[in-house]
Number of protein chains: 2
Amino acid sequence: MATGRTHRPASRSRGIPEATVARLPLYLRALTGLSERSVPTVSSEELAAAAGVNSAKLRKDFSYLGSYGTRGVGYDVEYLVYQISRELGLTQDWPVVIVGIGNLGAALANYGGFASRGFRVAALIDADPAMAGKPVAGIPVQHADELEKIVSDNGVSIGVIATPAGAAQPVCDRLVAAGVTSILNFAPTVLTVPDGVDVRKVDLSIELQILAFHEQRKAGEEAANQAAHPTAARRDDSAEQGPDGDVPAVMPA
Amino acid sequence: MATGRTHRPASRSRGIPEATVARLPLYLRALTGLSERSVPTVSSEELAAAAGVNSAKLRKDFSYLGSYGTRGVGYDVEYLVYQISRELGLTQDWPVVIVGIGNLGAALANYGGFASRGFRVAALIDADPAMAGKPVAGIPVQHADELEKIVSDNGVSIGVIATPAGAAQPVCDRLVAAGVTSILNFAPTVLTVPDGVDVRKVDLSIELQILAFHEQRKAGEEAANQAAHPTAARRDDSAEQGPDGDVPAVMPA
DNA sequence: CAGTGTGAACGTGTTCACAGCC
DNA sequence: GGCTGTGAACACGTTCACACTG
């Protein structure tokens with residue numbers, strides 16, 4: 001595996017597991033913090049703690065990139081920052097367009113983490129003519145009619161969709177047709193795209209629902225323990241929604 | 001597995017795989033759409049398409065909840081909506097507080113998907129005294145000093161953190177101390193919480209970095225094909241960042 | 001000796017393919 | 001006949017534990 005010096009790009013950059021890729025930004029952030037505090041080296045243990053993972057996972061992740069550590073010492077912070085940045089493609093800069101400048105779009109435009117790492121907001125686009133020309137985060141909003149021109153003129157390959165659900169698919173289609181091949185979707189819809197186009201979705205409501213699931217479970221366990229432990233049971237405004245019995249009005253055949 | 005009528009909550013609600021839980025909201029959304037269009041039943045194939053997964057996965061997921069389908073027919077839409085809602089704990093309502101009413105916090109407060117499914121914004125909290133009393137999304141912002149009181153008065157168990165990175169951990173600690181046991185974190189920081197507290201993180205910058213990784217890979221493959229296929233190569237403003245050779249200024253030992 | 005790098009064991013998630021039922 | 005429900009096979013991801021090395 002990756003014999004010392006990096007040789008064939010294909011052999012070492014092929015097949016980095018998705019799960020590892022998803023953690024690289026986490027490591028990078030932790031490393032950047034260390035770098036700013038001028039820490040020269042870290043052990044896998046320390047870095048793992050800073051990134052919120054366990055050290056075995058971190059070492060395995062790094063092993064996919066190559067052998068960038070020093071046994072008995074740890075990892076050189078600056079060197080790792082560079083290697084991970086390069087692996088993620090952050091040594092080049094990525095022009096990004098944000099479509100849909102409502103509350104969320106504006107929040108994204110103002111988000112500092114954007115510019116910090118290789119990403120540059122090339123344009124803000126909204127369908128509302130009243131928005132056109134209005135500056136948000138110092139960038140004038142452009143009308144949706146300009147979308148295709150903006151994408152091709154700026155060589156944009158990453159698009160962020162922050163429109164209402166209904167507008168998302170048409171916007172997506174236009175972005176893709178104009179040449180965008182990666183989309184970050186904040187609208188609560190499943191987007192359909194041709195092969196070769198990546199979509200990642202960020203969905204607030206889904207995250208909350210997952211939390212609710214676990215929260216409910218906790219409450220259930222608490223209730224179960226209550227027989228033996230009749231202590232304070234928080235958040236019991238009404239009857240514990242019975243996981244049994246109470247069937248809805250509508251019933252299947 | 002789940003013999004017909006649901007009996008012991010523990011036996012059937014124990015051990016729904018995390019991956020399945022994460023998809024339930026997706027199914028629920030697709031089903032809600034069908035329900036609004038008064039579609040009475042769906043096959044696993046149709047529903048899977050609407051949710052953007054494959055049908056085998058969907059059937060396996062549903063099998064963890066019980067046998068809610070009818071062979072040869074499909075699933076009753078209304079019934080499934082109810083079962084999934086109940087499983088996710090959405091038949092009760094969850095008061096939520098949002099801390100940090102900047103651009104993002106305001107976007108979240110205005111987000112419709114919130115109220116639609118069991119979640120209710122109980123309070124908006126910000127550290128800036130100038131914000132206090134100002135209504136956002138029709139809800140007056142309260143000062144951070146009130147945090148503990150708000151959480152306990154409303155029986156809040158889910159908190160959303162939309163503060164700057166530096167404030168996130170202290171806010172988190174206060175929320176947890178006040179009784180919150182589930183946290184949705186939008187700040188780009190790793191939060192440390194006691195056992196029994198769930199944290200989910202939404203991180204825009206990480207999502208973009210993952211997209212950049214894949215985007216870079218595509219560009220690399222494109223470049224590789226270029227030898228045989230010297231067609232138009234989009235987004236090649238500068239030299240293909242060599243995955244080999246070019247070492248940074250800083251070097252390891 | 002301290003700490004990386006990694007095979008091997010393990011666990012989780014996905015897909016297949018078909019038996020069983022309506 | 002058509003579609004669900006599910007064991008069994010497979011793929012992917014995580015953890016363990018230790019050989020190896022600066």
Side-chain angles (χ1 to χ4, degrees), chain A residues 1-6 11-12 14-24 26-27 31 34 39-77 79-80 83-84 210 251-253, chain B residues 1-6 12 14-24 26-27 31 34 39-77 79-80 83-84 87 210 251-253:
Chain A
M1 178 159 298
T3 49
R5 298 185 64 256
T6 58
S11 65
R12 80 98 182 68
R14 251 269 52 89
I16 296 181
E18 244 335 278
T20 295
V21 173
R23 281 188 295 267
L24 292 181
L26 235 61
Y27 301 144
L31 285 164
L34 294 171
V39 177
T41 58
V42 257
S43 67
S44 64
E45 201 75 53
E46 295 164 332
L47 183 53
V53 302
N54 74 50
S55 63
K57 196 183 287 186
L58 177 143
R59 287 201 304 278
K60 171 82 35 171
D61 284 342
F62 286 179
S63 81
Y64 295 117
L65 309 184
S67 290
Y68 294 149
T70 307
R71 294 175 195 235
V73 178
Y75 301 91
D76 181 287
V77 172
Y79 186 60
L80 247 194
Q83 289 297 346
I84 295 179
I210 295 171
M251 269 292 289
Chain B
M1 180 158 299
T3 47
R5 300 187 61 255
T6 57
R12 82 95 182 70
R14 247 272 51 89
I16 296 180
E18 247 330 282
T20 295
V21 172
R23 281 187 295 266
L24 291 181
L26 235 60
Y27 301 144
L31 285 164
L34 294 171
V39 177
T41 58
V42 258
S43 67
S44 63
E45 202 74 52
E46 295 163 333
L47 183 53
V53 302
N54 74 52
S55 63
K57 196 183 287 187
L58 177 143
R59 287 201 303 278
K60 180 63 98 179
D61 284 342
F62 286 178
S63 81
Y64 294 118
L65 310 183
S67 290
Y68 294 148
T70 308
R71 293 172 197 237
V73 177
Y75 301 91
D76 181 285
V77 171
Y79 186 61
L80 246 194
Q83 290 298 346
I84 295 179
E87 198 66 58
I210 295 171
M251 270 292 289

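Note that the coordinates shown come from a computational prediction; the quantities given were computed from them, not determined experimentally. Computed from heavy atoms alone, side chains included, the values below leave out hydrogens, waters and symmetry copies. Residue numbers start from 1 in every chain, and the chains themselves are labelled A, B, ... in the order their sequence lines are given, proteins ahead of strands.
Separating the CD atom of B:Glu46 from the P atom of D:dC3 is a distance of 8 Å, rounded to the nearest angstrom. Protein atom CG of B:Leu47 is 20 Å distant from nucleotide atom P of D:dG2, rounded to whole Å. Straight-line distance from the CZ atom of B:Arg59 to the C1' atom of D:dC3: 7 Å, rounded to whole Å. Atom CG of A:Leu80 is separated from atom C1' of C:dG5 by 14 Å (rounded to the nearest Å). Between A:Leu58 atom CG and C:dT4 atom C1' the separation is 11 Å, expressed in whole Å. The CD atom of A:Glu45 sits 14 Å away from the P atom of C:dG5 (whole-angstrom rounding).
Contacts of A:Phe62 with the nucleic acid, taken as non-hydrogen atoms under 4.0 Å apart, are absent.
Set against D:dT4, D:dT6, C:dT4, the side chain of B:Ser63 has D:dT6 as its closest nucleotide.
OP1 and OP2 of C:dG3 both lie 4.0 Å or more from every side-chain N or O belonging to A:Tyr68. Residue B:Ser44 has a polar side-chain atom (N or O) positioned under 4.0 Å from OP1 or OP2 of D:dT4.
With sequence neighbours left out, the ring pair (Phe, Tyr, Trp, His ring centres under 6.0 Å) criterion links B:Phe62 to B:Tyr27, B:Tyr75. Among residues two or more places apart in sequence or in another chain, the side chain to side chain contact (heavy atoms under 4.5 Å, CB included) test is passed with A:Ala48 by A:Val53, A:Ser55, A:Leu58. Residues passing the side chain to side chain contact (heavy atoms under 4.5 Å, CB included) test with A:Pro17, sequence neighbours excluded: A:Thr20, A:Tyr64.
Checking each of B:Leu34, B:Thr41, B:Leu47 against B:Leu80 for a side chain to side chain contact (heavy atoms under 4.5 Å, CB included) leaves exactly one that passes, namely B:Leu47.
For residues 52-71 of chain B, the pairs satisfying salt bridge (Lys or Arg N to Asp or Glu O under 4.0 Å) are B:Arg23-B:Asp61, with sequence neighbours left out.
Within the model, atoms CD of A:Gln83 and CG of A:Leu24 stand 11.5 Å from one another, a figure rounded to the nearest 0.5 Å.
The closest donor-acceptor contact from the side chain of B:Thr70 to the backbone of B:Val73 lies at 3.5 Å or more, if one exists at all.
B:Glu87 is not listed as a side-chain neighbour of B:Val21, based on a closest heavy-atom distance of 4.5 Å or more.
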* Structure fact -> A correct dot-bracket answer for DNA chain D, with pairs being Watson-Crick or G-U at under 3.5 Å, [ ] for crossing pairs and | for inter-strand pairs, is ||||||||||||||||||||||
Nucleotide N/O of nucleotides 12-15 of chain D paired with protein N/O under 3.5 Å:
| unit_1 | atom_1 | unit_2 | atom_2 | d |
| --- | --- | --- | --- | --- |
| D:dT14 | OP1 | A:Arg23 | NH1 | 2.9 |
| D:dT14 | OP2 | A:Arg23 | NH1 | 3.3 |
| D:dT14 | OP2 | A:Arg23 | NH2 | 2.8 |
| D:dT15 | OP2 | A:Asn54 | ND2 | 2.6 |

Could I get a table of every N or O pair under 3.5 Å where one atom is in the protein and the other is in nucleotides 19-22 of chain C?
| unit_1 | atom_1 | unit_2 | atom_2 | d |
| --- | --- | --- | --- | --- |
| C:dG20 | N3 | B:Arg71 | NH1 | 3.3 |
| C:dC22 | O4' | B:Arg71 | O | 3.4 |

